[in-house]
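Here is the structure we will look at, set down as structure tokens.
Counting convention: from 1, in listed order, for ligands and their atoms alike. Predicted, not measured: the structure shown is a model, and the values here were computed from it.
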Amino acid sequence: MRVAAVQAHRLWAPLYDSCLNPILALERRAMESVLKPLQPCRVVDVACGTGRWLPHLQNAGSQVFGCDACEEMLYEATKNHSLRGRLALADAERLPFRSSAADLILCSLSLGYFQRLDQVFREFARTVTLGGVIAVSDLHPDALAAGWKRSFNVGREKYEIMHYSRALEEIGQAATDAGLRCRSFEEVSLGAAELPIFQRAGRERYFESAKSIAALFIGVWEKPCC
Ligand SMILES: C[S@@+](CC[C@H](N)C(=O)[O-])C[C@H]1O[C@@H](n2cnc3c(N)ncnc32)[C@H](O)[C@@H]1O
């Protein structure tokens with residue numbers, strides 16, 4: 001069954017943090033090394049979902065805020081007491097933060113759900129301070145072209161999440177048009193660290209072919225001071 005993004009995450013929310021998902025594991029591994037050197041003071045996580053990244057950043061000393069368009073995902077995030085009062089229900093196209101509120105904007109595994117990419121990048125650019133950084137990860141277009149799905153199961157029902165397929169150039173152009181400068185852009189594939197997840201899910205036979213495909217991209221942009 002194909003379901004619109006926010007509706008899908010309503011159903012997925014209670015299971016999201018407990019599912020065996022090699023893409024979440026890979027994103028964590030790859031994004032961690034991107035974020036480590038940044039040491040931001042104020043972080044806004046756009047489409048933060050269940051708040052997967054926020055405690056990690058809090059523990060590293062950052063003041064964190066998150067927003068998401070799905071109440072049920074945010075409800076899961078509020079189970080972590082340290083996030084209470086730090087989360088807002090909002091669409092990525094209209095961020096509920098004042099201009100220059102963050103040194104780092106994080107947007108993980110969500111870009112493909114946003115309708116107006118140009119508007120979202122403009123909001124990123126408005127919300128980040130001069131010299132601040134925007135780190136975005138998402139499923140790689142090659143993975144989608146190879147037939148990978150944005151999907152999840154609830155019981156025996158499989159749900160496919162509706163999304164926008166975009167070329168990397170289109171994403172880069174939206175960032176440039178918003179006045180942002182690319183700092184780095186990585187294309188990341190699954191590796192040995194994710195093999196145990198395939199094994200636990202009984203899907204080891206798919207691992208070799210899966211790891212030959214670019215699974216994710218991680219783009220880092222900055223708002224230039226001049
Ligand atoms: C796959 S989850 C990723 C959550 C989290 N960033 C993570 O990495 O675990 C995608 C998230 O995007 C949110 N989302 C979808 N469309 C949105 C929109 N237009 N504005 C804000 N959030 C949106 C969903 O509710 C969901 O929480």
Side-chain angles (χ1 to χ4, degrees), residues 2-32 34-35 43-58 62 64-80 83 86-97 102 104-124 126-127 134-140 143-144 148-154 158-166 171 174 188 194 197 215-220:
R2 275 169 62 78
V3 189
V6 173
Q7 176 61 25
H9 285 87
R10 280 193 187 118
L11 301 168
W12 197 3
L15 307 169
Y16 185 87
D17 286 329
S18 58
C19 60
L20 281 177
N21 188 328
I23 293 297
L24 290 180
L26 172 62
E27 199 267 348
R28 172 124 197 157
R29 178 163 72 81
M31 184 61 100
E32 213 156 37
V34 167
L35 297 181
V43 180
V44 165
D45 185 349
V46 177
C48 65
T50 59
R52 197 167 59 92
W53 273 107
L54 293 174
H56 175 78
L57 291 158
Q58 249 175 349
S62 303
V64 300
F65 296 95
C67 67
D68 198 281
C70 176
E71 215 169 335
E72 288 77 0
M73 291 293 272
L74 290 175
Y75 172 72
E76 295 301 317
T78 59
K79 290 181 180 171
N80 182 331
L83 296 182
R86 300 188 165 274
L87 302 168
L89 184 65
D91 195 285
E93 291 181 15
R94 284 169 61 97
L95 296 179
F97 304 103
L104 168 68
I105 293 194
L106 175 65
C107 182
S108 56
L109 300 175
S110 304
L111 205 69
Y113 299 126
F114 306 152
Q115 189 179 3
R116 293 180 53 206
L117 202 58
D118 53 345
Q119 174 61 19
V120 168
F121 270 99
R122 274 200 296 271
E123 277 295 82
F124 290 169
R126 180 187 65 76
T127 306
I134 295 136
V136 177
S137 67
D138 207 3
L139 209 55
H140 196 288
L144 290 167
W148 295 20
K149 304 285 183 215
R150 292 181 185 261
S151 64
F152 63 96
N153 292 309
V154 179
K158 185 177 178 103
Y159 296 91
E160 263 187 47
I161 313 175
M162 290 161 72
H163 61 271
Y164 300 89
S165 301
R166 296 182 176 111
I171 295 164
V188 192
E194 287 73 52
I197 301 175
L216 296 177
F217 69 83
I218 299 186
V220 179

With respect to [X], determine whether any N or O atom, backbone or side chain, lies less than 3.5 Å from an N or O atom of ligand 1.
X: Val6; value: no
X: Asp45; value: no
X: Asp68; value: yes
X: Trp53; value: no
X: Glu27; value: no
X: Ala69; value: yes
X: Ala47; value: yes

Would you mind running through ligand 1 and noting each atom that sits below 4.0 Å from a heavy atom of [X]?
X: Tyr113; result: 10 (C), 15 (C), 16 (N)
X: Cys70; result: 25 (O)
X: Phe114; result: 17 (C), 18 (C), 19 (N), 20 (N), 23 (C)
X: Ser110; result: 3 (C), 6 (N), 10 (C), 11 (C), 12 (O)

Under 30°, 30 to 60°, or over 60°: which ring-plane class applies to [X] and [Y], parallel, tilted or perpendicular?
X: His140; Y: Phe217; answer: perpendicular
X: Phe97; Y: Phe65; answer: tilted
X: His56; Y: Trp53; answer: perpendicular

Among all protein non-hydrogen atoms, which one is nearest to [atom], and what is the separation to 0.1 Å?
atom: atom 20 (N) of ligand 1; answer: Ala92 N, 2.9 Å
atom: atom 3 (C) of ligand 1; answer: Tyr16 OH, 3.4 Å
atom: atom 19 (N) of ligand 1; answer: Asp91 OD2, 3.2 Å
atom: atom 2 (S) of ligand 1; answer: His9 NE2, 3.3 Å

* May I ask you to test the Asn21-Ile197 pair for a side-chain heavy-atom distance under 4.5 Å? =>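 A side-chain contact under 4.5 Å is absent here.
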* **Check: Ile161 and Arg2 side chains under 4.5 Å, non-hydrogen atoms** => no
* **side chain to side chain donor-acceptor pair (under 3.5 Å) against Gln7, all qualifying residues, sequence neighbours excluded** => Arg10
* Taking only residues two or more places apart in sequence or in another chain, which ones pass side chain to side chain donor-acceptor pair (under 3.5 Å) with Gln115? -> none
* To do: State whether Tyr16 and Arg52 meet the cation-pi test: NZ (Lys) or CZ (Arg) under 6.0 Å from the six-membered ring centroid, and within 45° of the perpendicular axis.
  =>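 Not satisfied by the 6.0 Å and 45° rule.
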* To do: Applying side-chain contact (heavy atoms from CB on, under 4.5 Å), run through Ser137 and Leu216 and close with a yes or a no.
  => CA-CA 7 Å; Ser137 67; Leu216 296 177; 5.5 Å; no
* Asked: Heavy-atom contacts under 4.0 Å between Ala90 and ligand 1: side chain, backbone, both, or neither?
  -> backbone
* Which part of Cys48 is near ligand 1, with near meaning a heavy atom under 4.0 Å away: side chain, backbone, both or neither? ->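 Answer for Cys48: backbone.
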* Between Asp91 (side chain) and Ala69 (backbone), is there a donor-acceptor pair under 3.5 Å? ->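 Checking the backbone N and O of Ala69 against the side chain of Asp91, no donor-acceptor pair under 3.5 Å is found.
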* To do: May I have the step-by-step check of side-chain contact (heavy atoms from CB on, under 4.5 Å) for Leu15 and Phe152, ending in yes or no?
  => CA-CA 9 Å; Leu15 307 169; Phe152 63 96; 5.6 Å; no
